[in-house]
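Notes to accompany the following structure.
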Amino acid sequence: MSSALLLALLGGSALPTPGAQALLCQLLSGRSVYNVSDLPLSWTAEQKECDSGEGCQDTLMLIENGPHVMVVLSKGCTKEEDHEARVTEHRTGPGLSVVSYTHVCRQGDLCNGLSNTMPVWTPSLQTAPGSLRCPVCFSTESCAGSATEVCPKGSTHCYNGVLRLVGGNIFTRLQVQGCTSQPGCNLLNGTQNIGPIEVRESCDPKDFVICEQGTKFMAGSNLTHEPVYWDTDWIRLCDAGQVCQETLLLIDAGSKSALLWNKGCGRSEAQDSWATTIHTGPPGVLVASYVRFCSSSFCNRANSTSILLKFLHRPAAPAPGNLRCPSCVNIFGSCSGNSPNITCPSGTAHCYDGHIYLKGGGVTTTVGIQGCVAQPSTSLLSHTRNIGIFSVRENEEDNNDYNIKPRLQNGAAPAASLAQVVGLGVALALCCGGLCLSR
Ligand SMILES: *[C@@H]1O[C@H](CO)[C@@H](O)[C@H](O)[C@H]1NC(C)=O
Ligand SMILES: *[C@@H]1O[C@H](CO)[C@@H](O)[C@H](O)[C@H]1NC(C)=O
Ligand SMILES: *[C@@H]1O[C@H](CO)[C@@H](O)[C@H](O)[C@H]1NC(C)=O
Ligand SMILES: *[C@@H]1O[C@H](CO)[C@@H](O)[C@H](O)[C@H]1NC(C)=O
Ligand SMILES: *[C@@H]1O[C@H](CO)[C@@H](O)[C@H](O)[C@H]1NC(C)=O
């Protein structure tokens with residue numbers, strides 16, 4: 001090896017690889033409603049070291065609505081490519097207006113240096129009052145009963161819509177009422193992303209419901225008698241047209257029982273419905289479910305399996321019969337060949353050995369079941385194809401879709417931890433002179 005090449009190699013290894021150096025970026029996010037007279041606003045950000053290759057981003061969104069303005073700010077690291085600072089007027093007045101600022105940079109530490117609203121917002125010229133009056137409101141809860149205001153001249157319609165903003169540490173559902181110069185709900189003019197924030201808009205105030213979110217698997221020996229308590233830590237902001245759902249499936253095979261409990265968003269013909277169903281048994285193997293679809297935020301908040309257990313009338317000690325069968329419930333696959341044998345209760349005459357394939361709500365699994373049943377031909381699910389959010393199949397051969405190890409997927413719809421959102425709730429308390437933080 002020539003000495004020149006050796007030097008080049010040594011030199012090369014001493015130089016940082018381009019783009020691999022970690023940047024320091026400003027970090028801050030929050031949203032709050034201010035009086036127009038409080039603007040311009042300025043703020044002080046924290047700092048964060050990004051992963052190598054990441055850039056810094058600034059995103060600011062202002063929604064002006066009569067005397068109020070909603071300010072949404074997100075600063076932090078991003079994988080997006082660099083682009084110049086960009087100001088977009090998504091909607092201009094009279095009445096409601098939406099403007100955003102986005103910037104992605106890598107030219108140096110803390111290059112996402114936007115520190116106030118000045119580059120984005122100038123007070124709109126005082127427009128003469130018109131003859132229309134509309135309710136004016138920004139609310140994370142409900143705009144019911146909001147005060148009406150005189151609209152500026154040129155307004156022709158009252159806006160009544162709901163916005164969903166998720167991403168860049170922002171997680172919010174916002175109901176908006178105000179004056180506008182066009183019908184319908186089109187504040188965003190088709191925009192779906194503003195920097196890291198995914199934005200959605202709907203005219204249906206029932207859309208973008210917030211639901212509890214999570215999956216609990218549990219195996220035990222007495223789950224049909226002893227209630228299990230569960231409180232999930234996660235919530236999800238649903239898509240338009242979705243409602244909250246809760247599906248609790250309980251399987252008992254004598255000495256073994258298991259439950260599968262899923263909460264999240266779902267679609268249902270009936271917006272508000274609930275049902276408990278005993279799919280099979282007793283005597284012998286019991287399969288029972290509780291299914292709820294409901295359309296108001298956080299309505300899927302059952303915290304105990306007693307919601308289902310109170311509908312089961314199981315004798316504590318069923319009279320024993322003559323048959324003995326292996327007993328097993330395995331939520332994570334097949335039962336092994338050496339499950340313990342149990343004495344079957346009277347009224348059963350056959351040993352069941354099969355599977356339920358189950359998919360939905362981010363869960364895919366095969367549940368192996370062995371136990372006592374009444375008839376050789378017993379189907380545990382009676383050919384039911386859906387139990388709440390789960391689509392279910394029993395003992396089907398060509399079921400490659402289902403016949404895989406259990407998996408929990410992170411769905412595409414945005415989720416946040418409850419703690420995160422409780423934090424946002426605190427940040428909602430109005431604070432002037434600087435943006436409220438929520439991290
Ligand atoms: C906005 O202005 C109104 C009237 O001037 C005042 O009552 C209210 O407290 C102000 N709100 C904030 C957040 O400053
Ligand atoms: C809305 O979008 C259309 C099509 O992209 C564009 O031509 C129009 O200028 C936009 N309107 C506003 C107010 O930004
Ligand atoms: C199951 O729980 C019930 C109620 O707590 C209790 O009476 C029963 O003895 C338990 N059975 C077993 C097998 O642990
Ligand atoms: C469980 O839910 C019930 C009914 O909504 C509620 O009264 C109870 O306080 C909850 N329990 C806990 C520990 O959160
Ligand atoms: C269960 O009973 C069957 C049939 O009598 C027997 O072959 C099997 O070994 C028993 N299993 C166990 C785990 O004892």
Side-chain angles (χ1 to χ4, degrees), residues 22-34 38-51 54-64 68-80 83 85-88 90 98-106 109-121 138-140 163-174 176 188 191-200 208 210 233-237 413-439:
L23 266 184
L24 211 54
C25 294
Q26 290 196 352
L27 179 71
L28 184 64
S29 64
R31 56 113 173 84
S32 212
V33 178
Y34 296 87
D38 295 333
L39 265 61
L41 292 172
S42 57
W43 49 81
T44 317
E46 295 177 38
Q47 301 185 356
K48 179 176 195 236
E49 189 175 320
C50 299
D51 291 341
E54 285 188 333
C56 301
Q57 68 87 14
D58 257 323
T59 302
L60 176 65
M61 184 178 173
L62 298 178
I63 309 175
E64 192 182 340
H68 308 296
V69 55
M70 162 73 71
V71 180
V72 181
L73 176 70
S74 170
K75 293 161 113 24
C77 306
T78 181
K79 293 187 168 39
E80 294 299 309
H83 70 78
R86 196 151 61 206
V87 174
T88 310
H90 304 274
V98 181
V99 60
S100 72
Y101 172 101
T102 54
H103 182 210
V104 176
C105 57
R106 285 174 175 75
D109 284 343
L110 310 176
C111 59
N112 58 338
L114 183 70
S115 63
N116 59 62
T117 54
M118 248 119 47
V120 189
W121 191 82
F138 277 129
S139 174
T140 51
L163 300 176
R164 185 180 87 171
L165 310 181
V166 174
N169 248 340
I170 301 294
F171 186 97
T172 194
R173 175 194 191 275
L174 193 68
V176 181
L188 300 168
T191 302
Q192 302 246 306
N193 295 285
I194 299 178
I197 307 175
E198 183 194 275
V199 291
R200 294 290 182 274
F208 310 137
I210 303 176
D233 285 335
W234 294 84
I235 62 170
R236 176 169 281 209
L237 244 169
S417 85
L418 204 51
Q420 236 174 311
V421 175
V422 169
L424 280 174
V426 171
L428 246 192
L430 289 177
C431 28
C432 287
L435 268 179
C436 300
L437 308 198
S438 60
R439 281 183 307 117

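All residue numbers in this chain count up from 1 along the given sequence.
- Note that CG of Leu165 and OG of Ser74 are 11.0 Å apart. Values are rounded to the nearest 0.5 Å.
- Proximity of a side-chain donor or acceptor of Arg173 to a complementary backbone N or O of Phe208 within less than 3.5 Å is detected.
- Among Thr172, Ile63, Val72, the single residue meeting the side chain to side chain contact (heavy atoms under 4.5 Å, CB included) criterion with Leu163 is Ile63.
- Residues passing the side-chain hydrogen bond (donor to acceptor under 3.5 Å, both in side chains) test with Thr88: none are found, sequence neighbours excluded.
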Side chain to side chain contact (heavy atoms under 4.5 Å, CB included) between His90 and Ile194, worked out: CA-CA 10 Å; His90 304 274; Ile194 299 178; 3.7 Å; yes
Criterion disulfide (SG to SG under 2.5 Å) on Cys105 and Cys111, from CA distance to verdict: CA-CA 6 Å; Cys105 57; Cys111 59; 2.1 Å; yes
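- In terms of heavy atoms, Thr191 sits closest to Asn193 at CG2-O, 3.4 Å.
- Take Leu24 and apply the side chain to side chain contact (heavy atoms under 4.5 Å, CB included) test, not counting sequence neighbours, and it matches Gln47, Glu49, Asp109, Leu110.
- Contact detail for Ile235 and Phe171: the closest heavy-atom pair is CD1-CE2, 3.7 Å.
- Side-chain contact check for Pro119 versus Leu114: some heavy-atom pair is nearer than 4.5 Å.
- When atom types are taken as modelled, the side chain of Asn169 and the backbone of Ser29 share no donor-acceptor pair closer than 3.5 angstrom.
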Stepwise side chain to side chain contact (heavy atoms under 4.5 Å, CB included) check, Ile170 with Met61:
CA-CA 12 Å; Ile170 301 294; Met61 184 178 173; over 6 Å; no
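- When side chains are defined from C-beta on, Met70 does not count as touching Val176, because their heavy atoms never get closer than 4.5 Å.
- A salt bridge does not link Glu46 with Lys75: none of the charged nitrogens is closer than 4.0 Å to a carboxylate oxygen.
- Nearest heavy-atom pair, Arg106 versus Val104, reported as atom, atom and distance to 0.1 Å: NH1-CG1, 4.0 Å.
- Remark: Arg31 CZ to Thr140 OG1 distance equals 6.0 Å, nearest 0.5 Å.
- The shortest side-chain heavy-atom distance between Tyr101 and His103 falls under the 4.5 Å cut-off.
- A distance below 2.5 Å between sulfur gamma atoms is not met by Cys77 and Cys56.
- For Thr59, the side-chain hydrogen bond (donor to acceptor under 3.5 Å, both in side chains) partners two or more places apart in sequence, or in a different chain, are Gln57.
- Of the possible donor and acceptor atoms, none in the side chain of Arg164 sits under 3.5 Å from a partner among the backbone N and O of Leu174.
- Trp121 and Glu64 get closest at one heavy-atom pair: NE1-OE1, 3.1 Å.
- Atom-to-atom distance recorded for Thr117:OG1 and Tyr34:OH is 10.0 Å, nearest 0.5 angstrom.
- Side-chain contact between Leu62 and Val98 is absent, with no heavy atoms from C-beta onward closer than 4.5 Å.
- Rounding to the nearest 0.5 angstrom, the gap separating the CG atom in Asp58 from the CG atom in Leu73 is 7.0 Å.
- No side-chain heavy atom of Leu28 sits less than 4.5 Å from a side-chain heavy atom of Gln26.
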